[in-house]
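Take a look at the structure below.
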Amino acid sequence: MFHVKRPLWRLLWNSKREAAFDVCLVIGLHLLGRALEALYPSETPPEVYDWIGGLWANDLLMTVLDIALLARRRFPVTIMAVTTVLSIAQVLLIEFGPGPLLAINQHDDPWVPGLTPWIIYAVAAYTEGRTRRFLGWDMVAIVTVLAVRPWAPDFRQLLVVSVLWTIFPAVLGLYIGARRRLVQALRERVERAEYEQELLAEQARADERTRLATEMHDVVTHRVSLMVLQAGAMGVAAKDPETRQAAEELRTSGCEALEELRDLVGVLRRGAVEDEGLPASAPPTEVPDLSELIGRSEAVGVPVEFTVDGDPAVVSSAVGRTAYRVVQEALTNVHKHAFGSRVSVHVIYSDDRLRLVIRNTEPPSRAAADLAGSGSGSGLLGLQQRVELVGGTFHARAGGDGGFEVDVILPAYVPTGEAVGDE
């Protein structure tokens, strides 16, 4: 199927306002010409027009010129060329032929078409390009000479009318064209300034992000590393098996926290890493096993329908951990707000992205107030920020059946700059 990308009126005008103005102008000029013909009939006998088929040919020619005036903004030089040819033919036919091509009063009016002022104005105001402007002004000069008719004995009597007919619209068109180009230049300057301001704001955000990543790396990572070392030392020195197990769990949790913090710092600093040409990512890994989360949910009485489509692909470590947190937070919200509902977790793998869809139906009863009121209430907001941090999209919405849905799309690969994080 063929689709027109631009409306047809765009071929002649830049806006509907221009189109409406030109259409009204042509209609008004056509009616004005008819009214002048009725008030001041031509002194040329009708027999003079027999050689071109009769007086109706003059009306047809004038109507064609009226319609051609609609294209004056796009093709001013072309219309000026037609006007120049008609003016030359008019003079030659009056001086050496059977009579005028166009119905005019030979003694008082300039021997040029009645629409000449509007066409000269269009040449001065809308012509672009040095060559086209040169041709347009050459034709304007020719028509001006033909209107003045310096070879005629009484050309001084026609000078004022000829100047108003040709030179005045040219000067007015030059002024309007220069003003329009100035306004356009100012508008482009404002747009360029706004664009540069956006670039500066983006650079400021990138600098702030890099500063935050540096502080997280220097302060938080150092403190958590000390906690991990102290937990390891406590596990070695402890004689009680339960104490050693608790210390080992603490050390493992600390190591996992360091890994996640390392990913987040890398994502925050990835812009600086790419600009400096440093290593941008760690080796890709598989998505963390979600079966453990599913098992925990089922253990507390929330069965989960878990499906996987596509071939599991390797992803950046930051993406894998983000996917794990999405499912974890979604299931946590089900436990707190929709306990007893049916839950489905759908994982879809593709070549360049990973999609997670977690849905739950309407719960059979209202959630307990103490359980639903626990937490900060900003879990979904934080989850959305984390997803967007790695370049993904996050959608959370209520379903039509009274349930809830979380739909997340993550890129498979995200440069994280872990190499920088190890400095």
Exercise for the section: I would like to know whether Val347 and Phe306 meet side chain to side chain contact (heavy atoms under 4.5 Å, CB included); could you show each step before the answer? Expected result: CA-CA 8 Å; Val347 182; Phe306 182 49; 3.8 Å; yes
Exercise for the section: Compare all side-chain heavy atoms of Ser297 with those of His335 and state whether any distance is below 4.5 angstrom. Expected result: yes
Fill in the blank from the handout: Scanning both residues in full, the closest heavy-atom pair of Ala412 with Val319 reads O-CG2, 4.2 Å
Completion exercise
Correct closest heavy-atom pair for Ala170 and Ala124 would be O-CB, 3.4 Å
Exercise for the section: Could you pull out the closest heavy-atom pair between Thr127 and Pro76, with the gap in Å? Expected result: OG1-CG, 3.6 Å
Handout entry: Candidate pair Glu188 and Arg192, rule salt bridge (Lys or Arg N to Asp or Glu O under 4.0 Å), full reasoning
Key = CA-CA 6 Å; Glu188 291 176 354; Arg192 185 166 56 250; 5.4 Å; no
Practice task
Mind checking the CG-OG1 spacing from Leu146 to Thr166? Nearest 0.5 Å is all I need.
Solution key: 10.0 Å
Exercise for the section: Let me see the working for Thr144 and Ile167 under side chain to side chain contact (heavy atoms under 4.5 Å, CB included), right down to the final yes or no. Expected result: CA-CA 7 Å; Thr144 302; Ile167 298 178; 4.1 Å; yes
Handout entry: From Val82, Thr84, Thr78, residue fulfilling side chain to side chain contact (heavy atoms under 4.5 Å, CB included) relative to Met80
Key = Thr84
Practice task
Check each of Asp66, Val26, Leu86 against Leu115 using the side chain to side chain contact (heavy atoms under 4.5 Å, CB included) test, and report the only one that passes.
Solution key: Asp66
Practice task
Evaluate the side-chain proximity of Trp118 to Leu25: yes if any heavy-atom separation is below 4.5 Å, no if none is.
Solution key: yes
Practice task
Please name the pair of heavy atoms, one in Ser291 and one in Asp289, separated by the smallest distance, quoted to 0.1 Å.
Solution key: OG-OD2, 2.6 Å
Problem - For Arg397, salt bridge (Lys or Arg N to Asp or Glu O under 4.0 Å) partners two or more places apart - result: Glu405, Asp407
Handout entry: Any Ile176 side-chain heavy atom under 4.5 Å of Tyr121 side chain
Key = yes
Handout entry: Among Asn333, Val408, Val326, the one residue meeting side chain to side chain contact (heavy atoms under 4.5 Å, CB included) with Leu383
Key = Val326
Practice task
State the CE-OG distance between Met139 and Ser87, to the nearest 0.5 angstrom.
Solution key: 11.0 Å
Exercise for the section: Indicate yes or no: at least one non-hydrogen side-chain atom of Asp309 is less than 4.5 angstrom from one of Tyr349. Expected result: no
Practice task
For residues Trp13 and Phe21, determine if any side-chain heavy atom of one lies less than 4.5 Å from a side-chain heavy atom of the other.
Solution key: no
Handout entry: Heavy-atom side-chain proximity of Val345 to Leu356 below 4.5 angstrom
Key = no
Handout entry: Spatial distance of atom CD (Glu362) from atom OG (Ser341) [nearest 0.5 Å]
Key = 9.5 Å
Exercise for the section: Run the numbers on Leu69 and Leu65 for side chain to side chain contact (heavy atoms under 4.5 Å, CB included), then give the verdict. Expected result: CA-CA 6 Å; Leu69 196 62; Leu65 285 178; over 6 Å; no
Exercise for the section: Would you give the length of the straight line joining atom CD1 of Ile142 to atom CH2 of Trp137, rounded to the nearest 0.5 angstrom? Expected result: 13.5 Å
Completion exercise
By salt bridge (Lys or Arg N to Asp or Glu O under 4.0 Å), Asp22 pairs with (sequence neighbours left out) Arg72, Arg73
Practice task
List the steps, then state whether side chain to side chain contact (heavy atoms under 4.5 Å, CB included) holds for Ile348 with Leu354.
Solution key: CA-CA 6 Å; Ile348 306 171; Leu354 168 65; over 6 Å; no
Handout entry: Side-chain touch Phe394/Val406, heavy atoms, less than 4.5 angstrom
Key = yes
Problem - Neighbour count >12 (heavy atoms, 6.0 Å) for atom CD, Glu305 - result: no
Give the table of side-chain donor-acceptor pairs shorter than 3.5 Å for residues 177-187, with sequence neighbours excluded, one pair per line with atom names and distance.
residue, atom, partner, partner atom, Å
Arg180, NH1, Ala125, O, 3.1
Arg180, NH2, Ala125, O, 2.6

Practice task
Could you grab the distance from atom OG1 of Thr393 to atom CG of Leu410, nearest 0.5 Å is fine?
Solution key: 7.5 Å
Exercise for the section: Measure across Ala338 and Asn360 and return the closest heavy-atom pair with its distance rounded to 0.1 Å. Expected result: CB-ND2, 3.6 Å
Exercise for the section: May I ask you to decide if Gln328's main-chain N or O and Thr332's side chain share a donor-acceptor pair within less than 3.5 Å? Expected result: yes
Practice task
Hey, could you give me the CZ/CZ distance between Arg342 and Arg359, rounded to the nearest 0.5 Å?
Solution key: 13.0 Å
